[in-house]
J.: 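The structure is given below, and queries will be raised subsequently.
Because the structure is predicted, anything quoted here is derived from the model rather than measured. Numbering of ligands and ligand atoms starts at 1, following listing order.
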Amino acid sequence: NLLIKMDPEMDSQLRIGFIGAGNMAFGIAKGIVSSGNTLPANIKVSAPSNRNFDRFQDIGITTTHSNVELVCGSDIVFVAVKPHLVRDVLNETTVHFTDKHIVVSVAAGVTLETLEELLPEGASVIRLIPNLPCIVQEGALLFTRGSCAKPTDGVLLRSLLQHCGLVEEGPESWLDIHTGLSGSGVAFVYLFAEALAEGAVKMGMPSSLAHTIASQTVLGAGRLLRDSGKHPAQLRSEVCTPGGTTIYGLHTLEQGGVRASTISAVESATERARQLG
Ligand code: NAD
């Protein structure tokens with residue numbers, strides 16, 4: 001088992017479990033399956049009801065109602081229930097964890113200290129904050145290793161999640177900021193996309209076409225930003241013909257305070273994540 005932990009090439013032999021069958025579990029599981037390194041048959045999901053099991057079964061993942069069975073049959077256990085249920089599911093399963101397990105919690109606000117308290121001493125615990133676009137393999141994921149999780153456990157996690165999107169490691173104090181920036185940030189971008197489309201509707205374009213073009217605009221702008229590696233200000237200035245349409249529109253956005261309100265949105269979402277923790 002030590003060898004398995006040390007060598008990401010051996011992903012295919014790992015048994016991976018998800019406690020909770022929700023959106024986040026599905027997004028991550030789908031990313032892991034699409035990497036091709038892990039057989040779907042080696043992935044299992046547990047939840048109290050059959051609701052949501054279909055989509056896991058459709059991609060070959062096995063399902064169970066028993067969290068204990070899931071823990072006993074997994075090398076890596078993702079804890080993917082709502083934050084207020086983490087204590088209950090770990091209390092229920094704690095005696096079944098061994099020092100061979102790696103436990104990865106995605107629950108917002110549940111600290112490493114709390115997770116380590118709930119699990120046997122010496123457990124390898126990792127906190128991971130994903131975001132919803134994991135479902136389309138374009139997530140932004142940040143993780144922090146607990147005091148007993150080895151650097152090789154982090155290497156293994158990165159290898160497993162490579163098809164979920166961007167995966168970065170950082171200190172635990174950054175996780176709440178990441179929640180504001182990226183977990184909630186997804187919704188901020190949706191609000192902007194909606195407003196873009198509404199602007200076009202106001203000017204006379206049919207709504208469905210306006211929304212289709214707005215979503216493609218957000219996608220295209222995002223891909224260009226990521227793939228070019230350029231600073232957004234540079235890309236913005238490249239679009240701004242002197243005296244042209246874009247600088248007129250940008251001026252209007254700045255007058256509306258979009259920059260200040262976006263900074264404040266990330267700040268307040270981060271502060272809320274800290275309160276919940
Ligand atoms: P969800 O409500 O879609 O899924 C929760 C799942 O847990 C459900 O399948 C439910 O049946 C199952 N469940 C409930 N009680 C259980 C029990 N006792 N044992 C096993 N399973 C049980 O929630 P989600 O959006 O997937 O969020 C899961 C976790 O991911 C949360 O802790 C959340 O903080 C975290 N998270 C979510 C996002 C996001 O964008 N959705 C981002 C970052 C972190």
Side-chain angles (χ1 to χ4, degrees), residues 16-32 43-59 61-74 76-94 96-97 103-112 114-115 118-119 125-144 157 161 164-168 170 172 174-191 265-266 269-270 272-277:
I16 299 160
F18 288 87
I19 303 181
N23 285 326
M24 239 34 271
F26 183 68
I28 295 171
K30 204 173 155 201
I32 292 174
I43 305 179
K44 195 173 260 189
V45 168
S46 64
S49 81
N50 287 341
R51 208 159 48 91
N52 298 328
F53 273 176
D54 286 0
R55 58 181 174 169
F56 288 93
Q57 289 161 353
D58 286 348
I59 56 173
I61 291 172
T62 48
T63 55
T64 173
H65 295 304
S66 165
N67 294 336
V68 168
E69 179 197 320
L70 181 120
V71 168
C72 294
S74 303
I76 298 192
V77 175
F78 285 86
V79 179
V81 294
K82 291 289 186 202
H84 69 278
L85 292 170
V86 169
R87 191 170 285 275
D88 288 351
V89 301
L90 290 184
N91 280 336
E92 175 198 351
T93 52
T94 192
H96 302 281
F97 282 101
V103 183
V104 183
S105 167
V106 302
V110 182
T111 63
L112 282 169
T114 302
L115 293 164
L118 292 168
L119 287 158
V125 184
I126 297 178
R127 249 189 96 187
L128 170 75
I129 302 291
N131 70 351
L132 203 57
C134 276
I135 288 185
V136 290
Q137 281 103 62
E138 291 290 1
L141 302 90
L142 184 66
F143 72 86
T144 305
L157 185 68
L161 299 180
C164 292
L166 176 77
V167 187
E168 298 285 353
E172 189 171 25
W174 292 357
L175 295 182
D176 289 333
I177 304 173
H178 178 70
T179 301
L181 168 65
S182 189
S184 308
V186 167
F188 306 158
V189 173
Y190 291 148
L191 181 88
V266 175
T270 302
R272 182 66 183 143
R274 285 182 183 152
Q275 281 169 7
L276 294 175

J.: What's the separation between atom SG in Cys72 and atom CG in Asn67, rounded to the nearest 0.5 Å?
T.: 11.0 Å
J.: Considering only heavy atoms from C-beta outward, does the side chain of Val79 approach that of Phe18 to under 4.5 Å?
T.: no
J.: Just going by heavy-atom distances, which of Asp88, Val89, Ile135 is nearest to atom 17 (C) of ligand 1?
T.: Val89
J.: Check whether any side-chain heavy atom of Ile16 lies under 4.5 Å from a side-chain heavy atom of Lys44, and answer yes or no.
T.: no
J.: Counting heavy atoms only, which part of Ala80 comes closer than 4.0 Å to ligand 1: side chain, backbone, both or neither?
T.: backbone
J.: Mark up the atoms of ligand 1 that fall under 4.0 Å of a heavy atom belonging to Asn23, in ascending order.
T.: 3 (O), 26 (O)
J.: Working note: Leu157 + Ile126, criterion side chain to side chain contact (heavy atoms under 4.5 Å, CB included); need CA distance, chi angles, decisive distance, verdict.
T.: CA-CA 9 Å; Leu157 185 68; Ile126 297 178; 3.7 Å; yes
J.: Would you mind checking which non-hydrogen protein atom is closest to atom 4 (O) of ligand 1, with the distance to 0.1 Å?
T.: Gly22 CA, 3.1 Å
J.: side-chain hydrogen bond (donor to acceptor under 3.5 Å, both in side chains) between Asn50 and His65: does it pass, once the steps are laid out?
T.: CA-CA 8 Å; Asn50 287 341; His65 295 304; 3.0 Å; yes
J.: Strictly less than 4.0 Å: does any protein heavy-atom distance to atom 29 (C) of ligand 1 fall in that range?
T.: yes
J.: Can you pull out the closest protein heavy atom to atom 32 (O) of ligand 1? Residue, atom name and distance to 0.1 Å, please.
T.: Val81 O, 2.6 Å
J.: If you measure from each non-hydrogen atom of Val86 to ligand 1, which part falls under 4.0 Å: side chain, backbone, both or neither?
T.: neither
J.: Provide the number and element of each atom of ligand 1 under 4.0 Å from a heavy atom of Ala108.
T.: 32 (O), 34 (O)
J.: For ligand 1, indicate whether the residue Val106 contacts it via side chain, backbone, both or neither (heavy-atom separation under 4.0 Å).
T.: both
J.: Starting from atom 25 (O) of ligand 1, find the nearest protein heavy-atom neighbour and note its residue, name and distance.
T.: Lys82 NZ, 3.6 Å
J.: Which protein non-hydrogen atom lies closest to atom 22 (C) of ligand 1, naming both residue and atom, and how far is it?
T.: Pro48 CD, 3.3 Å
J.: Give the atoms of ligand 1, by number and element, whose distance to some non-hydrogen atom of Pro130 is under 4.0 Å.
T.: 42 (C), 43 (C), 44 (C)
J.: Would you kindly specify which portion of Ser46 sits under 4.0 Å from ligand 1, judged on non-hydrogen atoms: side chain, backbone, both or neither?
T.: backbone
J.: Looking only at protein heavy atoms, which one is nearest to atom 19 (N) of ligand 1, and what is the separation?
T.: Asn67 ND2, 3.0 Å
J.: Looking at atom 9 (O) of ligand 1, what's its closest protein heavy atom, distance included?
T.: Ala21 N, 3.0 Å
J.: Enumerate the atoms of ligand 1 whose separation from the nearest heavy atom of Pro83 is less than 4.0 angstrom.
T.: 31 (C), 32 (O), 34 (O)
J.: With side chain to side chain contact (heavy atoms under 4.5 Å, CB included) as the criterion, how do Arg274 and Ile177 come out once you've worked through the C-alpha distance, each side chain's angles and the decisive distance to 0.1 Å?
T.: CA-CA 9 Å; Arg274 285 182 183 152; Ile177 304 173; 3.9 Å; yes
J.: Purely on distance, is any nitrogen or oxygen of Ile129 under 3.5 Å from one on ligand 1?
T.: no
J.: Decide whether the shortest distance between a heavy atom of Gly183 and an atom of ligand 1 is less than 4.0 Å.
T.: no
J.: Are the aromatic rings of His178 and Phe143 close, with centres under 6.0 Å apart?
T.: no
J.: For ligand 1, indicate whether the residue Leu85 contacts it via side chain, backbone, both or neither (heavy-atom separation under 4.0 Å).
T.: side chain
J.: Provide, to 0.1 Å, the distance between atom 39 (C) of ligand 1 and the closest protein heavy atom, together with that atom's residue and name.
T.: Met24 SD, 3.5 Å
J.: How close do Gly27 and Cys164 get, heavy atom to heavy atom, and via which atoms?
T.: O-SG, 4.3 Å
J.: Tell me, do Leu142 and Leu128 make a side-chain contact under 4.5 Å, heavy atoms counted?
T.: no
J.: If I compare all heavy atoms of Ile129 with all of Val106, which pair ends up nearest, and what's the gap?
T.: CD1-O, 4.4 Å
J.: Any idea which heavy atoms bring Ala29 and Phe56 closest together, and the distance?
T.: CB-CE2, 4.2 Å
J.: Taking side chain as C-beta onward, heavy atoms only, is Arg55 less than 4.5 Å from Lys30?
T.: no
J.: Distance under 4.0 Å to a non-hydrogen atom of Ile19: what atoms of ligand 1 satisfy this?
T.: 20 (C)
J.: Do Thr63 and Ser46 come close enough that some side-chain heavy atom pair is under 4.5 Å?
T.: no
J.: Any side-chain heavy-atom pair from Val45 and Thr64 closer than 4.5 angstrom?
T.: no
J.: Quick one: which ligand 1 atoms are inside 4.0 Å of a heavy atom on Ala47?
T.: 11 (O), 20 (C), 21 (N)
J.: Which of the atoms in ligand 1, numbered in the order shown and given with their element, are less than 4.0 Å from a heavy-atom of Gly20?
T.: 6 (C), 7 (O), 12 (C), 20 (C), 21 (N)
